[in-house]
Structure formats: structure tokens, C-alpha cells
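Here the structure is laid out as C-alpha cells; the discussion comes afterwards.
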Amino acid sequence: MSLPDMRQLEEAALHAWEHAFEPDPASREKFYLTVAYPYPSGAMHVGHGRTYIVPDVIARFWRMRGRQVLYPMAFHVTGAPVIGISRRIARGDEKAIRLYRDLYKVPSETLERFTDPLEIVRHFSEEYRRVMTACGLSIDWRRRFTTVDPQYSKFIEWQWLHLHEGRHVNKGAHPVRFCPQCDNPVGDHDLLEGDKAEILKFTLVMFEWNDSLIPTATLRPETIYGVTNLWVNPDVTYVKALVDGVSWVVSREAAEKLALQDHEVTVIAEIPGTTLIDQVVRHPLCGAVPILPAKFVDPAMASGVVMSVPAHAPFDYIALRDLQAEGKYTAISPIPLIKVPGYGDFPAKDAVERAGIRHQTDPAMEALTQEVYSAEFSSGILFEQYGGEPVRQARESVAALMTEKYRSAVMYEFDTRPVVCRCGGQVFVKILHDQWFLLYSDPAWKSQVSEHLAQMTLVPAEVRTEFERTIGWLKDWACTRRVGLGTRLPWDPDWLIEPLSDSTIYMAYYTISHLLKECRPEELTPEVFDYLFLNKGSPPAHPDKERLDAMRREFEYWYPYDFRFSAKDLISNHLTFQLFHHAAIFPPRSMPRGMVVFGMGLLNGAKMSSSKGNVFLLEDAINEFGADTVRMFLVGSAEPWQDFDWRNDLVHSTKKQIERFWNMVQESLSAGGETTDADRWLLSRLQAHIVKTTEALERFQTRQALQEAFYAIDSDLKWYRRRLPPGMQGGSAYRALGHIWTRLLAPVIPFTCEKLWTDTGGEGLVSFAPWPIADPEKTDADLEMAEELLLRTLEDIDSIRRVLQITPTLITLCVAPSWKREIFSAVATSADKNTVIREIMKDEQMRKRGKEATETTRQCTTLIHRLPPAFIEQYLKGGINEMEIFQNARDFLERECAIPVRVVDAEESRHPRAAVALPLKPAIVIE
RNA sequence: GCGAGUGUGACUGAGAGGCCAAAAGUGACCGACUCAAGAUCGGUUCUCGCAGGAGUUCGCAGGUUCGAAUCCUGCCACUCGCACCA
């Protein structure tokens, strides 16, 4: 059988598909699906392939179901990454150049132009489009755009004016990780060290010392009432600095940090730690206390000075105890202030003693501190004289009081240090000003989103809890940037809109993007978009009202989108953000309907990663295996939401399977017109496969669909061929099957099927051919059961022969007699297995058989348990005549067994084994 | 650490209280066809068994049930997310 020339076949199909997938509003029902548009900063690998191919399979399926299907694509180019890449390439960074030249195979003359960031996205978006087309994606390329198109910017401006009006954006100060060397905030992925570090908010408690203030940093301001002393590290050099005009004493490091946190700082003098020891300081809430020496005080931690609450802080307790053991400061005793269940007056002391800790440096100290802190926070209550509030509340109220009356300030610090930037510099906390925030923390907004989420279809269902959690967890999002590509904030043009924030409702933009290209950007005022998307106001005085109305119709027709497809790592940002923005901008009838969340990709068992070079480029895969093979492998190796593993050996075998399919359909073209039982059986089975394939695709189960549409039919054909009379190549059903089979597989392997469709006499493109519909008339359950019975019997014969050591010369099948069938039916229909035997024995004929009858009842009970319920149900309907089935199939059975086969009624046989015959399980006698 | 999810035979992966020794595909082995290799086709692939059977398995340890890969509890391992970044 000649194999298809895939390349030629692909070219022919691509030619036929040109402009075929450019849907306009129609009277038919629509199906609008979107994917997260790519950021084209590198070449596509096979992982990307799946992201776009799975939705394409779904798109093609619904198109064949008669829907008007829209599958658009665009390119996300806003943000900073390409700027970084172009800089690295410009400065000759080896690693970047290797990645682009060797892995992504960018020609050197193109690479030279990559010093311009726009060249990078231009190059790769062209590549994306080329490769996506080669994959057979049924995308409407007329609607393609990039996020720096001037029309798109107008759309973003419109959206943001609404967000502003709706009070969803606000300006504020915000602490961020900041690298003074880079002069920029640093994200997680920019850190060499300390990527787990969180920013903690300390309260600076101001102690007075001579003409200066000594700020001690604490997370527990309420413990001020129990302060017995301060701790200062005698080995550290402190500084006296003017902070906003007031003299403070802090560590040198602290002075630098404070300068980044909204303070004007001038260092005046150095003060050795030793100078501070034994000095006396005052605070209105605890009176005068001395400064004591402690080595554990870290100058890099917040202000470098801490207050000591030995009753409640294990570190403080043990440090004081150690000093007192040397006979120093014996006059100081811990001051309790919090009542905690499970502890005495001095929780720190209890904890230390319970844990048997002897020394400050004991590694268990951290955990112990945490234990005491959490206990006090969750169930501690301040003593009456300190207000009697639970710690939880007191923490807030005491901090507020100190800020208001006692000059306390806030200082941010990391919980773990050091934090190091990719450039090697130390990272600090800086307070950014004038930053704009999307107020995702707004409870009203959150609940609006939650309510909508409850009505959405989510696939797989398990992701719902993750979405719910994300909605609850989201805090305000800093949504503006100073650097990068993007649209400027309309009311504050010094800021650029952050790239995740400009990609939230662009699915609406697709509906009109092809028509917008004709519009001059300056015509696209907010009123125009209000009219288009919100049906607000009358059409503004626009030079081309007809075009506006055409756009309105597009939007009204397509929106809302039916499904959005995206990888699961986007749940906690993009996928949830877009719900917030839809809720803020659109009325309920335009809200998204569903989302499908994908798993991640592996390559030969290891995580795919461009930076590690562990990628397989999609274009290479297509060239090597053919687009259909790549498609079939990607949708067939795992369901969309599962992680999948690209393995070359499995891809190879996928290619062979497509070839087998091709051969079988070609072969079916020459099949004869005779109709045998096997043909009726094949058609009957096919109806079920049609139903199951359809249901699977409706649920996005592409793997399941392929299992039914390919492997299940394939294995039916194996049996079919076995059943055909010798010499017969294939009957009428085989021929009919080819025509249907081609359509069932068309969404997955459209290139191959386009050609086969033509060959099998289909009209037009298979891409638009009607999806097969199961014909219940063709289903014959009795026939299917008869074949199943034959198969089971053959298996039984086989398993006997395997253990048998004689060479058999004759097989006798002994069919169960009618009285056994009666018992079988009685057992199968009885509700109570315990009384059934009594019922049976009421019959006189059965009583005569005595022990034989009870034994048969027992055997039937066991057998019924072991057979599929559907099988038994069908048997009870009465259309099965075992004797007839086996008699009719005698030729077949003899062929299979290669020895004579006799079929008799069990009662006619004198062989002792004949007695074990049961309905659906004839006794087999091999001699 | 916190949150969500996953853990099945050599591998990928069905399975959602009795049809389960557990689908399908891959791999491996054996046969057929070939001068031969490949492709293709047929068979076998947990252990034992001279009659269609029995035994031991579904991350680990318990529990519920007449009965558990499937339900519950605990533990272990892996994946994803934890934000100013696409």
C-alpha cells in the first residue's frame, strides 16, 4: 500500500484552507474560543504547540457540528523582556546569543537587528504565524494584531478610563524589593538569593536618649508594656543621623535603608556600640530602662536596636538570664503583660524550660520563638492594666497610639536576608510613590467576580477551588511601570500600563480588530468604544457610521466568548485578572462563559526549558514527523489538563498509526458490496463510537476522543477481518466506515483527512463537512452480544488449550439446556439472592432435579457477578439463542481453532464435563 | 512554609465499591511473510497451574464494608502557584 506523501498533502490542504477560516457573523449559532496570546520573544517549542493545537481540535469539531467558529490570534509585545533581550544581544552576551542563534536558529543577519526590541517581536511573531499555519490551526488571521498597535492602545485607554471611573485604580505608596544598583524594583525571577524573602512591616518604637531618639524595631508593639531594657550589639558601630530633621541613633545599615523608605537621612556622627551600653532611655509607655549588651543583635536587621521583653520573648529571656548568671543586672526582672492559656505568667521562661534550652545559640530557639508568638497572637489577652484587649487587636491599637502620640514610624524589612539581585547588588525595601494600583483587594469587586465564577463552566472541575482561593487571596496589583513597551495611562501619561494589566479583555477586541484596522486611531474615542461594546449612547458623530454598526454587530454576535484556554500557571494571575476586568467593564450578558486549564509539558521526562536548552522546536517537529503526527501525538498522549511528555519513540509510532489509518481507508474504497453479519456488527459498533467520540470532544477530552475515534475502531476492524469469510476483502460496512471515520478524525489530523475525504467521495472540505451522527437503527445489541459471546468462548478455548498437554482433535461446545436458562433468569432478576433458591424450588420440575438445581443456582449467582451488567440485561431481553449463534459460527470457530468443532445441547452429551454448561458459558469439551 | 493537585503493571495512561489481573498505546519476546533488514500481520508479556482456575498486586500504614485501585484517616513523594513577571 502506498504511503501518503505528507508534504504534498499538507501543501494541498493549506492551499485549500486559505481564507477558509475567516468567519463573519451569521444566522447560525456561534462558538468563540480564545487562547492566551503568545509573547513572541523566542521560537515555538512543542509545548506551545499543544497550547494552540488542542483548541484547534475543539474549533474544528464545533465547526463540523455546524457552528460558526471563531478562533483568533494576536501577539502580546508589551512589557520589558524584549528590551532586556535586545540589550543583552547588543552588549554581546554569549548566553543570549547562543540561545537565539543556536537554539532558536535565528539567522545571523536577523540577529544583528535584534538590538532593536521591536525587531525581536516582529521576527518571532512572523515565525509564530508561519508555524501556526503549518500546524493547520484554523485561525482567522484577519483579526491578528499586536498590543502596540495604535488602535489597541486606544482600546486600552478606553478600558482604563472606565476602571478609573469605577474606582478600581488608585494611587498609593508601596514597599517593593529594590536594587539601588539597577535603580529598579526586582521581581522574584531577578533574584540570585532570597527569592522567598517577604517584606515585613515593623513598628519603630521611639526611646528617648538625651537629645536623640533610639528606634527599636518590633513586630509586636503591644509588648512595649513589658520592656525591661534595650539590646545593642557592643561590636557594632552605630550612627547618629538626622532623620527628617530629628536626631536618631541606628545602625549604619539602617540609616541607608531608611533613606529608601521615605526619610531624609544625614549621618552626623559614629557611635560605637559600647558607648550605648548602660545608658538609660525612656518611653512614655514603659518608663526608663537601661541598654544592655547582646551579641545576637543584627545591625542589618531593621534599625539594629531591639527592645527586650523577657517575659514573652525567649531570646530576650535567655539573654537576660545569661547576663544575670554572671551576676550582672540582677535588679531586672521580667514584666509579664499577656495572659496566655497553657502558659504561666512568663511564657518565654516556660517555653525555654520546657524545651530544655541551655544556650542562646540553640538552633531550636527560632521555632520556640515562633511557638510563643503564635500562641500569644491567637489566644493571648493583655492584662487589665494595659487595656485588656486580645493581642490580635492590641497590636493594631498600640501601634496606632504610638504613631499618633509617641512618634513611632514604620520600617519595612525582609524576613530573611540577604536578598541579592541578579546584578550582584544588595536588595533593599524601597517605598515607591505615585504607583497606581488595581484594587483587587476590594471586597465588592471580589464578590462580583466570585458570583460570576460560580456560573462559569470550568474544565477540569478541580480548578474551581484554586480560582476561588485566588480571588480571595489577590491583593492590590501595582499596574504601572516606568520602562517597557505599552500604552500610557490616559490620565497620568508618565506611567505605562503594566503588561498583564493590558491583557484582560482583549478577547472583546478580536471581534472587531479586523475592521478597526481601517480606522484612524484618533477617531477611536472612548465614546466610540462605549457605543461598540456597551451599547451606550447614540453613535457619535463618526465619519463612517456604517462601519461602526458593522463592528457592533460583530461584537454582539461573538461576545461573550465561550471558552478560554490557558495553562494552569496563569490561574493565579491572568485568568483571574481577566474575570475582574470583565466584571468591571461589561454587563452580565457579556461575561465569559468558560475556561479550560491546561497542564504543563515535559520533554523526554524532563521539564521543558529554553534556558536549559531542553526544548524541541515545533517547526522541527513538523518537518520531521508531519503536522498531523505532531497534532495527534499532542492531543492523544494525555488529556489537556494533564501534564504531557513529548517522547520521540511515541511520536514515531503515532506516525505509523496515521499511516495505518490511511491504508485502511484507502483499502475500504475497494471493499465489495456484500453485507454479512460482521458488517452489521461493525456498523452497530460504529454508532457507539460516534456517540462516545462526540461526547468526549464536547467535554474537551481529546485523548478520550482519539481513543474512541481511532483505537476503538481500529480494534473493531481487527475482529471484523477475523470474522469475514475467507477470501473476502471487506463488505459494505467497511466502505461506509471509511467515509465516517475520516470525519471523526478530521479535527485531529485534518491534513490527512482532507485528502481522504476527497478520495472517499466527500464534497467540499472535510473541515466543513457535517459531523457524523449516530443512527440508532443501525445499532443491533443482540448481534453485538452474539459476537461478544463468540469472543469470550474463543478466549476460554484458548486458555484451556494453553494448559492442556494433549494435541486436541475435536472441540465440542455444549450449550446450557433450557432449565438452566430458567434458573439463570430467575437469579438475574431476583432482588434477594437469599430467597431465590426457595422460589426456584417451588417448581416441581426443579425439585425433581434436586441437588443439580441448587448447584446450578449457586453457579449462576457467581457467573452473574462476573459478567458485565449490560450483558446480562441484554440476555434477559431474550433475543439470544446460543445454539443458533454457535451453529452459525461453526465455520468461523473451526477456522480459528484449526480443528473440527461440534455444537450440541449439553443434555445430549454424555461427557461429564457437559454438566458444567451455563447460559453464556457453554461447556467446552476438548478431546 | 502556605494553597491547589497528582501517585495504577517496564513506560504513557484508562479506571471513579462488585463487570478488575485491571482498557488502549508504547516497549520487549515469540511466530507468519521475506534471501535479508525494515514495514506489515498474528500471539505472549505479575506468579503458579495437564480444563476455562488459584495466588499476590494499583505510593506507604491503618480504617469502613460481605466486598476497595476505587470511600475515610495519617504519612511519604512529585507537579503547579505564592505576585509587581510573561
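We name chains A, B, ... by the order of the sequence lines, and we start the count at 1 in each one. Note: hydrogens, waters and symmetry copies are ignored here, and every other heavy atom, side chains too, is used.
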Using the rule given for salt bridge (charged side-chain N to carboxylate O under 4.0 Å, His left out), can you reason through A:D643 versus A:K568, listing the C-alpha separation, both sets of side-chain angles and the distance that settles it, and then say yes or no? CA-CA 10 Å; A:D643 295 348; A:K568 68 175 164 196; 3.7 Å; yes
Examine distances only and state if a side-chain atom of A:H48 and a backbone atom of A:H45 form a donor-acceptor pair shorter than 3.5 Å.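 Checked: pair present.
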Any donor-acceptor N/O pair, A:T147 side chain to A:T78 backbone, under 3.5 Å: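 Present.
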Heavy-atom distance under 4.5 Å between the side chains of A:F428 and A:K430, does that happen here?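 No. Closest side-chain heavy atoms not under 4.5 Å.
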Quick one, A:K921 and A:D796 - any side-chain contact, counting heavy atoms below 4.5 Å?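 A:K921 vs A:D796: side chains touch.
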Using a 4.0 Å heavy-atom cut-off across all strands, classify [X] as base, sugar-phosphate, or nothing.
| X | answer |
| --- | --- |
| A:I571 | nothing |
| A:H574 | nothing |
| A:P499 | sugar-phosphate |

Compile the donor-acceptor pairs under 3.5 Å between side chains in residues 460-472 of chain A and protein atoms, sequence neighbours left out, one pair per line.
| unit_1 | atom_1 | unit_2 | atom_2 | d |
| --- | --- | --- | --- | --- |
| A:R464 | NH1 | A:L453 | O | 2.8 |
| A:R464 | NH2 | A:M456 | O | 2.8 |
| A:T465 | OG1 | A:E462 | O | 3.3 |
| A:T470 | OG1 | A:E466 | O | 2.8 |

For the pair A:F565 and A:Y52, evaluate ring pair (Phe, Tyr, Trp, His ring centres under 6.0 Å) and give the outcome as yes or no after the intermediate values. CA-CA 9 Å; A:F565 294 69; A:Y52 308 112; over 10 Å; no
Determine the interatomic distance between [atom1] on [N] and the same-named atom on [M]; round to the nearest Å.
| N | M | atom1 | value |
| --- | --- | --- | --- |
| B:A21 | B:G52 | P | 16 Å |
| B:C76 | B:G27 | C1' | 30 Å |
| B:G25 | B:A32 | P | 23 Å |
| B:C11 | B:A16 | P | 22 Å |
| B:C80 | B:A69 | P | 31 Å |
| B:A10 | B:U44 | C1' | 15 Å |
| B:C48 | B:A4 | C1' | 45 Å |
| B:G17 | B:G53 | P | 25 Å |

What is the distance, to the nearest angstrom, from the [atom1] atom on [X] to the [atom2] atom on [N]?
| X | N | atom1 | atom2 | answer |
| --- | --- | --- | --- | --- |
| A:L602 | B:C78 | CG | P | 15 Å |
| A:L570 | B:G5 | CG | C1' | 17 Å |
| A:R469 | B:C2 | CZ | P | 12 Å |
| A:F577 | B:A83 | CZ | C1' | 7 Å |
| A:M632 | B:G25 | CE | P | 11 Å |
| A:L810 | B:A51 | CG | C1' | 15 Å |
| A:F178 | B:A83 | CZ | C1' | 18 Å |
| A:Q701 | B:A23 | CD | C1' | 15 Å |

Give each protein N/O atom lying under 3.5 Å from an N/O atom of nucleotides 37-48 of chain B, with the pair distance.
none

Return yes if a side-chain donor-acceptor contact under 3.5 Å exists between A:T809 and A:E927, otherwise no. no
Watson-Crick or G-U wobble partner for [N], using a 3.5 Å limit on both distances?
| N | value |
| --- | --- |
| B:C80 | B:G3 |
| B:U12 | B:A24 |
| B:A61 | B:U73 |
| B:G42 | B:C30 |

A:P38 vs A:V463, nearer the 5' end of RNA chain B by closest nucleotide: A:V463
Give the nucleotide from the list B:U79, B:A86, B:G5 with an atom nearest to the side chain of A:E462. B:G5
Residues two or more places apart in sequence or in another chain: which of them pass salt bridge (charged side-chain N to carboxylate O under 4.0 Å, His left out) with A:R660? A:D714
What N/O pairs connect the protein and nucleotides 52-58 of chain B at under 3.5 Å? Give each pair on its own line.
| unit_1 | atom_1 | unit_2 | atom_2 | d |
| --- | --- | --- | --- | --- |
| B:G52 | O2' | A:D796 | OD1 | 3.0 |
| B:G52 | O6 | A:I924 | N | 3.4 |
| B:G52 | N1 | A:P922 | O | 3.1 |
| B:G52 | N2 | A:D796 | OD2 | 2.8 |
| B:G52 | N2 | A:P922 | O | 3.2 |
| B:G52 | N3 | A:D796 | OD2 | 3.3 |

Within a radius of less than 6.0 Å around NZ of A:K201, do more than 12 heavy atoms belonging to other residues, nucleotides or ligands occur? no
Using a 6.0 Å cut-off, check whether atom CZ of A:R87 has over 12 heavy atoms from anything other than its own residue.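 Not buried by this count: 12 neighbours or fewer within 6.0 Å.
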Please tell me if A:T465 has a side-chain N or O lying less than 4.0 Å from either OP1 or OP2 of B:G5.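 So the side chain of A:T465 is within the cut-off, an N or O lying under 4.0 Å from OP1 or OP2 of B:G5.
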Applying side chain to side chain contact (heavy atoms under 4.5 Å, CB included), can you list everything that pairs with A:E708, at least two apart in sequence or on another chain? A:H689, A:K692, A:T693, A:Q704, A:A712
Pull out every protein N or O sitting under 3.5 Å from an N or O of nucleotides 9-16 of chain B, one pair per line with the distance.
| unit_1 | atom_1 | unit_2 | atom_2 | d |
| --- | --- | --- | --- | --- |
| B:C11 | O2' | A:R647 | NH1 | 2.5 |
| B:G13 | O2' | A:R703 | NE | 3.4 |
| B:G13 | O2' | A:R703 | NH2 | 2.6 |
| B:A14 | OP1 | A:Q642 | OE1 | 3.2 |
| B:A14 | OP1 | A:Q642 | NE2 | 2.4 |

